[in-house]
Amino acid sequence: GAGRYRQMTNPAVMEARPYVEYRTVGDNRVRPAHAELDGKQWRIDDPEWKRFAPPNGYQCRCAAVTLAPDEVDRGALRRTVTTEPDPDFVGPPTDLVERPIG
């Protein structure tokens, strides 16, 4: 997750693809909190997105996909989210690699 996040936040990538969409695997094992995030979109530099960048829980199988401006669904962009990431997973994965869990 940390390597993918670093790629997504590379300035050249952010210029070309400044949005991100949260995606689940879509099967019956997806947690309700993660299912709520499925299809939601944010600007990649939005602090709210940084809270939910996968993984956001143990054994999370979710992913993020960068989007160009013409790929954004304005209806999915930054909708209200009522869920929270698992306590040890708040923040981008790069932060998780650099601090101990627990």
Side-chain angles (χ1 to χ4, degrees):
R4 175 75 175 130
Y5 186 83
R6 283 189 185 108
Q7 288 175 330
M8 291 168 41
T9 55
N10 175 294
V13 173
M14 289 176 60
E15 185 175 335
R17 302 183 66 79
Y19 296 91
V20 65
E21 181 175 313
Y22 190 99
R23 294 188 183 167
T24 67
V25 174
D27 62 17
N28 64 353
R29 293 177 30 213
V30 173
R31 289 171 258 193
H34 297 212
E36 180 185 340
L37 298 169
D38 190 46
K40 298 239 185 324
Q41 299 174 350
W42 292 266
R43 279 197 56 88
I44 202 161
D45 57 0
D46 186 328
E48 186 74 5
W49 160 247
K50 291 179 182 180
R51 293 183 52 220
F52 295 106
N56 63 25
Y58 290 101
Q59 298 179 348
C60 176
R61 300 173 297 139
C62 299
V65 177
T66 59
L67 303 170
D70 63 338
E71 297 174 307
V72 174
D73 173 357
R74 298 295 173 192
L77 191 58
R78 191 138 191 255
R79 292 183 185 163
T80 302
V81 175
T82 61
T83 190
E84 292 291 329
D86 288 359
D88 290 334
F89 289 85
V90 177
T94 51
D95 291 354
L96 300 175
V97 169
E98 297 166 5
R99 67 181 162 119
I101 295 177

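Quick note: residue numbers are just sequence positions, from 1.
- For the atom pair OH of Tyr19 and CG of Asp46, the computed distance is 10.5 Å after rounding to the nearest 0.5 Å.
- Side-chain contact check for Cys60 versus Arg31: some heavy-atom pair is nearer than 4.5 Å.
- Here the straight-line distance linking atom NZ of Lys50 with atom CG of Asp45 works out to 7.0 Å at 0.5 Å rounding.
- The shortest distance between side-chain heavy atoms of Glu71 and Glu21 does not fall below 4.5 Å.
- Using the six-membered ring where Trp is involved, Trp49 and Trp42 have ring planes that are tilted, between 30° and 60° apart.
- Closest of all the heavy-atom pairs between Val20 and Ala64 is CG2-CB, 3.7 Å.
- Shown here for Val25 and Val30, the closest heavy-atom pair between the two residues is N-CG2, 4.2 Å.
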Please determine whether side chain to side chain contact (heavy atoms under 4.5 Å, CB included) holds for the pair Thr9 and Met14, giving the CA-CA distance in whole Å, both sets of side-chain angles, and the decisive distance to 0.1 Å. CA-CA 6 Å; Thr9 55; Met14 289 176 60; 4.0 Å; yes
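- Pairing each heavy atom of Met8 with each of Thr66, the nearest pair is CG-CG2, 3.6 Å.
- Between Val13 and Ile44, the closest side-chain pair of non-hydrogen atoms is not below 4.5 Å.
- When side chains are defined from C-beta on, Arg51 does not count as touching Val81, because their heavy atoms never get closer than 4.5 Å.
- Note that CD of Glu48 and NZ of Lys40 are 11.0 Å apart. Values are rounded to the nearest 0.5 Å.
- Expressed to the nearest 0.5 Å, how far CG of Asp73 lies from CD of Gln41 amounts to 5.5 Å.
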